[in-house]
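Letters go in sequence order (proteins before strands), and every chain restarts at 1.
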2 protein chains.
Amino acid sequence: MNRLQNDAALHRGKQTGKNTMTKLDKTDLMILQALQNDAKTSMKTLADALHLSKTPVYERIRRLEKEGIIKRYVALVDPEKIGLPLVVFCNVSLAIHDEEHIRQFRETIGTIDEITECYTIGGIHDFFLKVVVKDLQAYDRFVLEKLTKIRGIAKMQSSFVLNEIKHTTALKPVENG
Amino acid sequence: MNRLQNDAALHRGKQTGKNTMTKLDKTDLMILQALQNDAKTSMKTLADALHLSKTPVYERIRRLEKEGIIKRYVALVDPEKIGLPLVVFCNVSLAIHDEEHIRQFRETIGTIDEITECYTIGGIHDFFLKVVVKDLQAYDRFVLEKLTKIRGIAKMQSSFVLNEIKHTTALKPVENG
DNA sequence: ATTGAAAAAAGTCGCGG
DNA sequence: CCGCGACTTTTTTCAAT
């Protein structure tokens, strides 16, 4: 039953290194674009579109995965359809910002499902969170029961999303010119 | 060559409606969790983990897709590996906020690759953008050449991300109790 | 609704140009 | 690097329970 819990994304081995800046040619870019749009695009479809056979497409994809350019394949679910229509952006400042508090803050962040993104913005003790919840009441509970359980939080400022206009996971690689 | 450009994600038909609140049982939740973690998890793997055969798993996934709960399957690429390491959050206010300007703003947003997310936050003429670019110079060019090309922008405030601590696309559905 | 088998499609890989 | 072709795995369908 716990194979489902695995970290996955390593279904064909991965790279942890951040370098190995390999060139991406036009074909790679089109493959990336297609798979970012629809991960289930078959190799035959890609091959036909690129006027190639399956082998080069297969090997390019394999290479993109191996080099960690393609990090993983995921299913995207509709937040509204699963009862999570409210998005909140939230600034959090830590009062006590010794290494231990910061380390613990980061660790805890990773375990809280409602927090989908977390960044440091303006200094080592300033965090910026994207939070996805059911409604305002759920957000209130999230703050009280989860966020403030983390020791050392000084200030908090929440911005509630009224409407989502655009949301994509697709990135267009920079031209390597 | 242009099949790659298609909007896709409709590879098995989709729903546009926002309702049809169907109950998700434990099995559905585990399937969703697994596919959000790794879209390539095979049905046999899922079936084994759930102590079922492939068919019910297949039918459940099909249903989740049909109802739009699973919106699409995508490949996630590593921004750093494709030369886009800088994330900027940006508040934009419109000066002129008649319907026509707002409509055009929204339309233009959708065509700009650097903008991965856009929300309305604090009123109808207040937008919040997530922007992904190569470096500060590229951000400057983005603002000058793309953002301010949109007529009617009054104020702008940018926050630069120093470090990404968490970033997931996986959502945990609310308990249907 | 679930099973198990079987057909169809997709992915994988060695070999030759 | 690419194409061909054989082999493996996965997806999809379906008759029967």
Side-chain angles (χ1 to χ4, degrees), chain A residues 1 3-4 6 8-15 20-76 173 176, chain B residues 1 3-4 6 8-15 20 22-67 69-77 176:
Chain A
M1 191 77 102
R3 209 182 306 161
L4 290 185
N6 281 351
L10 34 79
H11 44 125
R12 260 187 301 205
K14 218 181 66 179
Q15 272 242 20
T20 51
M21 199 44 167
T22 332
K23 281 248 179 69
L24 299 173
D25 64 14
K26 276 244 151 54
T27 306
D28 292 322
L29 294 188
M30 302 204 72
I31 290 173
L32 276 181
Q33 194 188 329
L35 293 181
Q36 284 188 97
N37 188 249
D38 178 7
K40 291 226 184 305
T41 312
S42 77
M43 291 178 179
K44 177 169 169 21
T45 303
L46 283 170
D48 290 351
L50 296 165
H51 306 295
L52 289 170
S53 73
K54 291 183 297 178
T55 315
V57 175
Y58 169 72
E59 291 190 340
R60 279 164 184 272
I61 292 176
R62 206 176 199 313
R63 183 185 134 244
L64 293 169
E65 293 168 352
K66 265 274 151 56
E67 294 186 354
I69 292 168
I70 293 176
K71 272 202 293 197
R72 49 175 29 188
Y73 300 93
V74 300
L76 298 182
N176 39 348
Chain B
M1 190 77 101
R3 211 183 300 162
L4 290 185
N6 281 349
L10 35 77
H11 46 124
R12 265 191 295 210
K14 220 180 64 179
Q15 273 244 16
T20 51
T22 331
K23 281 247 180 69
L24 300 173
D25 64 15
K26 276 242 151 58
T27 307
D28 292 321
L29 294 189
M30 302 203 73
I31 291 174
L32 276 181
Q33 195 188 328
L35 294 179
Q36 283 187 97
N37 187 250
D38 178 8
K40 289 230 185 302
T41 312
S42 78
M43 292 179 181
K44 174 165 173 27
T45 304
L46 283 170
D48 289 352
L50 297 164
H51 307 296
L52 288 170
S53 76
K54 291 179 290 184
T55 314
V57 175
Y58 172 73
E59 302 266 344
R60 278 167 185 272
I61 293 176
R62 213 178 192 316
R63 185 186 132 243
L64 291 169
E65 292 167 352
K66 265 277 153 56
E67 293 186 354
I69 292 168
I70 293 176
K71 273 201 291 195
R72 46 174 34 185
Y73 299 93
V74 300
L76 297 181
V77 308
N176 40 348

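- A distance-only check finds a donor-acceptor pair linking the side chain of Asp28(A) to the backbone of Asp25(A) [under 3.5 Å].
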Per-nucleotide protein contact string for nucleotides 3-10 of chain C, where B marks a base within reach and S marks sugar-phosphate only (heavy atoms under 4.0 Å, - for neither):
BB-B---S

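- Note: CZ (Arg62(A)) to P (dG14(C)) measures 10 Å, nearest angstrom.
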Taking it one step at a time, do Leu29(B) and Gln33(B) satisfy side-chain contact (heavy atoms from CB on, under 4.5 Å)?
CA-CA 6 Å; Leu29(B) 294 189; Gln33(B) 195 188 328; over 6 Å; no

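- What you find for Ala75(B) and Ile70(A) is that their closest heavy atoms are CB-CG2, 4.2 Å.
- When the P atom of dG3(D) is taken as reference, atom CG of Leu46(A) falls 14 Å away, rounded to whole Å.
- We find that OH of Tyr58(A) is positioned 17 Å from P of dC1(D), with the value rounded to whole Å.
- For the pair Glu59(A) CD and dC15(C) P, the computed distance is 14 Å after rounding to whole Å.
- Between Asp48(B) atom CG and dT9(D) atom C1' there is a gap of 14 Å when expressed in whole angstrom units.
- Per the geometry, CD1 belonging to Ile61(B) stands 13 Å off P belonging to dT13(D), to the nearest Å.
- Residues Arg72(A) and Asn37(B) form a side-chain contact, since some pair of their non-hydrogen atoms from C-beta on lies under 4.5 Å apart.
- Using a 4.0 Å heavy-atom cutoff across all strands shown, Arg63(A) reaches no nucleic acid atom at all.
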Report the C-alpha distance between Leu35(A) and Val77(B) in whole Å, list the side-chain angles of each, state the deciding distance to 0.1 Å, and finish with yes or no for side-chain contact (heavy atoms from CB on, under 4.5 Å).
CA-CA 10 Å; Leu35(A) 293 181; Val77(B) 308; over 6 Å; no

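- The nearest whole Å value for the distance from the CZ atom in Arg60(B) to the P atom in dT12(D) is 17 Å.
- Between Leu46(A) and Ile61(A) there is a side-chain heavy-atom pair separated by less than 4.5 Å.
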